[in-house]
Number of protein chains: 2
Amino acid sequence: MAESESGTVDLEIIVQGTQEGKKQELRLWLRMLSTTKLVSQEVRRRLRNEFGATLPQFDLMAQLYRERDGLRLGELSKRTMVTNGNVTGLVERLETDGLVLRETPDGDRRVTVAKLTKKGEELFGAMAAAHEGWLRDMMADVDPAIVTELWKDIGEVKSSVNNHLSGAD
Amino acid sequence: MAESESGTVDLEIIVQGTQEGKKQELRLWLRMLSTTKLVSQEVRRRLRNEFGATLPQFDLMAQLYRERDGLRLGELSKRTMVTNGNVTGLVERLETDGLVLRETPDGDRRVTVAKLTKKGEELFGAMAAAHEGWLRDMMADVDPAIVTELWKDIGEVKSSVNNHLSGAD
DNA sequence: CGTAAACCTTTGACATTTGAAATATTGCTC
DNA sequence: GAGCAATATTTCAAATGTCAAAGGTTTACG
């Protein structure tokens, strides 16, 4: 009888003692991280239970759903923020399941284009609708005005981070 | 004709057409997720380049750093939001590197307690200081007032999510 | 006591992840 | 055309991640 392995405690508690006025950015980051993990775990659990799919698969299929002509693997890699090598295996498994198919265009044989199959489109359609509902449910207690403002402000964070990256963009 | 793709394409672009009072929560979630991924990748890269450590290792050591008497693996699992099985391997590798040690208390032989070694404390101290600086740098362009407000508002999101989980908790 | 329930960790099978190196193909240059 | 840089994907090793099941230990109860 496996009980849930994830408890209620999380790392937020650990940094409770962080003084005011200092380390605000670190505090924000830890809260963003823990919240994102929390939502991801919930989405993952529901995807698994209701559709037998994984989160990375869902993300990848989301991109293909919007580009019915398919996407090159490199493009998929950028959009999902997943490394090239990872996309290969991901697409491979989806192809095995008959959700995605790969083809090489005549023009350039270096390229592999992935696109959703009929089966893939149908499955993703159902998942996307459910997914949107899950998010709405999870954030049900948050004032819509705050949701909108958060979207805007996090945009500023993202923008700032993008301007201060050390490696390649 | 291939367009330039040198920029930073990400999934945000894909949902641009989603506005109009609907799906705000989904839009917020996608932005949170992409921003978190972006920061995580940057932190991971710097941890690797400057300290030869991984992000999960850093997270785990952070917990042990605050509990000098050590933590049971189950407690570590909850705090890091990492599954039990995963903690086992993580601690194993850190022990191999001499950063962490495991011991079983006399009272209860079911339990394994992990704690930082001297070497582990020293390394983590250096990493934590650097880590805090990285975060401050990355968020340098964000108004401190917004940082504080984001922390508060994301707290509401987290709270709402916690109240609408399907699984355990 | 003796056994079942509860607890804690480990193990196992797989999927995902990164980073780097290896492959393959194209396009450019001489 | 031969050589080479640039492009695109795959492969590889090691680490992380989930979940489920199995392993010991302890506790509680009849």
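By convention in this document, chain letters (A, B, ...) are assigned in the order of the sequence lines, proteins followed by strands, and residues within each chain are numbered from 1. From a predicted model like this one, the values you see are computed outputs, not experimental measurements.
Contact annotation: B:Gln41 reaches the phosphate of C:dT18 (side-chain N/O to OP1 or OP2, under 4.0 Å). At the phosphate of C:dC8, OP1 or OP2 sits under 4.0 Å from a side-chain N or O atom of B:Arg72. Taking 4.0 angstrom as the limit, A:Arg102 places a side-chain polar atom (N or O) nearer than this to OP1 or OP2 of D:dT10. Of the side-chain N and O atoms in B:Asn84, none sit less than 4.0 angstrom from OP1 or OP2 of C:dT9. A sub-4.0 Å separation between OP1 or OP2 of C:dT9 and a side-chain N or O of B:Thr88 is absent.
Using a 4.0 Å heavy-atom criterion, one finds that A:Leu90 contacts the sugar-phosphate atoms exclusively. At the heavy-atom level, A:Thr83 lies under 4.0 Å from base atoms of the strands shown. Within 4.0 Å (heavy atoms only), A:Gly85 reaches at least one base atom of the nucleic acid.
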Report task. Please lay out, stage by stage, how B:Arg136 and B:Glu132 fare under the test salt bridge (charged side-chain N to carboxylate O under 4.0 Å, His left out). Result -> CA-CA 6 Å; B:Arg136 195 155 28 223; B:Glu132 190 200 324; 3.2 Å; yes

Query raised in the report: Are A:Thr36 and A:Val39 close enough, and set up right, to give a side-chain contact (heavy atoms from CB on, under 4.5 Å), and what steps lead you there?
Result: CA-CA 5 Å; A:Thr36 298; A:Val39 175; over 6 Å; no

Query - Full working for salt bridge (charged side-chain N to carboxylate O under 4.0 Å, His left out) between B:Glu42 and B:Arg45 - result: CA-CA 5 Å; B:Glu42 179 69 9; B:Arg45 173 165 45 224; 2.6 Å; yes

**Report entry** side-chain contact (heavy atoms from CB on, under 4.5 Å) between A:Trp29 and B:Val147, intermediate numbers included
**Finding:** CA-CA 10 Å; A:Trp29 167 238; B:Val147 171; over 6 Å; no

Report task. List the steps, then state whether side-chain contact (heavy atoms from CB on, under 4.5 Å) holds for B:Gln63 with B:Glu67. Result -> CA-CA 7 Å; B:Gln63 304 309 321; B:Glu67 301 282 352; over 6 Å; no

Report summary line: Given Watson-Crick and G-U pairs under 3.5 Å, DNA chain D in dot-bracket ([ ] crossing, | other strand) is ||||||||||||||||||||||||||||||

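The six-membered or imidazole ring of B:Phe124 lies near that of B:Phe58, with a centre-to-centre distance under 6.0 Å.
Considering only side-chain atoms of A:Arg44, the nucleotide from C:dG19, C:dT9, D:dT18 that sits closest is D:dT18.
No donor-acceptor contact under 3.5 angstrom links the side chains of A:Thr80 and A:Asp59, judged on distance only. No side-chain donor-acceptor contact under 3.5 Å links B:Gln41 and B:Arg44.
The nearest whole Å value for the distance from the CG atom in A:Leu76 to the P atom in D:dT9 is 9 Å. Taking atom CG of B:Leu60 as the reference point, atom P of D:dA15 lies 15 Å away to the nearest angstrom. Residue A:Glu92 contributes atom CD, which lies 13 Å from atom C1' of C:dA15 at whole-angstrom precision. Protein atom CG of B:Leu94 is 14 Å distant from nucleotide atom C1' of D:dA14, rounded to whole Å. Atom NZ in B:Lys37 sits about 8 Å away from atom P in C:dT18, given to the nearest Å. Going from atom CG of B:Leu73 over to atom P of C:dT11 covers 12 Å, rounded to whole Å. Atoms CD (A:Glu103) and P (D:dT9) sit 13 Å apart, rounded to a whole Å. Regarding A:Asn86, its CG atom lies at a distance of 14 Å from the P atom of D:dT11, rounded to whole Å.
In terms of hydrophobic clustering, with Ile, Leu, Val, Met, Phe, Trp and Tyr side chains grouped at heavy-atom distances under 4.5 Å, B:Leu116 and B:Leu123 are assigned to a common cluster.
Summary of the strand contacts: B:Asn49 and A:Gln57 both lie near DNA chain C, and taking for each the nucleotide with the nearest heavy atom, the more 5' one is attributed to A:Gln57. Comparing A:Val82 and B:Val113 along DNA chain C, the residue whose closest nucleotide (by nearest heavy atom) sits nearer the 5' end is B:Val113.
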Report task. Indicate for each nucleotide in nucleotides 23-28 of chain D, in 5' to 3' sequence, whether protein heavy atoms under 4.0 Å reach the base (B), only the sugar-phosphate (S), or nothing (-). Result -> -BBS--

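In this structure, B:Arg48 fails the cation-pi test against B:Phe51, since its NZ or CZ atom is not both closer than 6.0 Å to the six-membered ring centre and inside 45 degrees of the ring normal.
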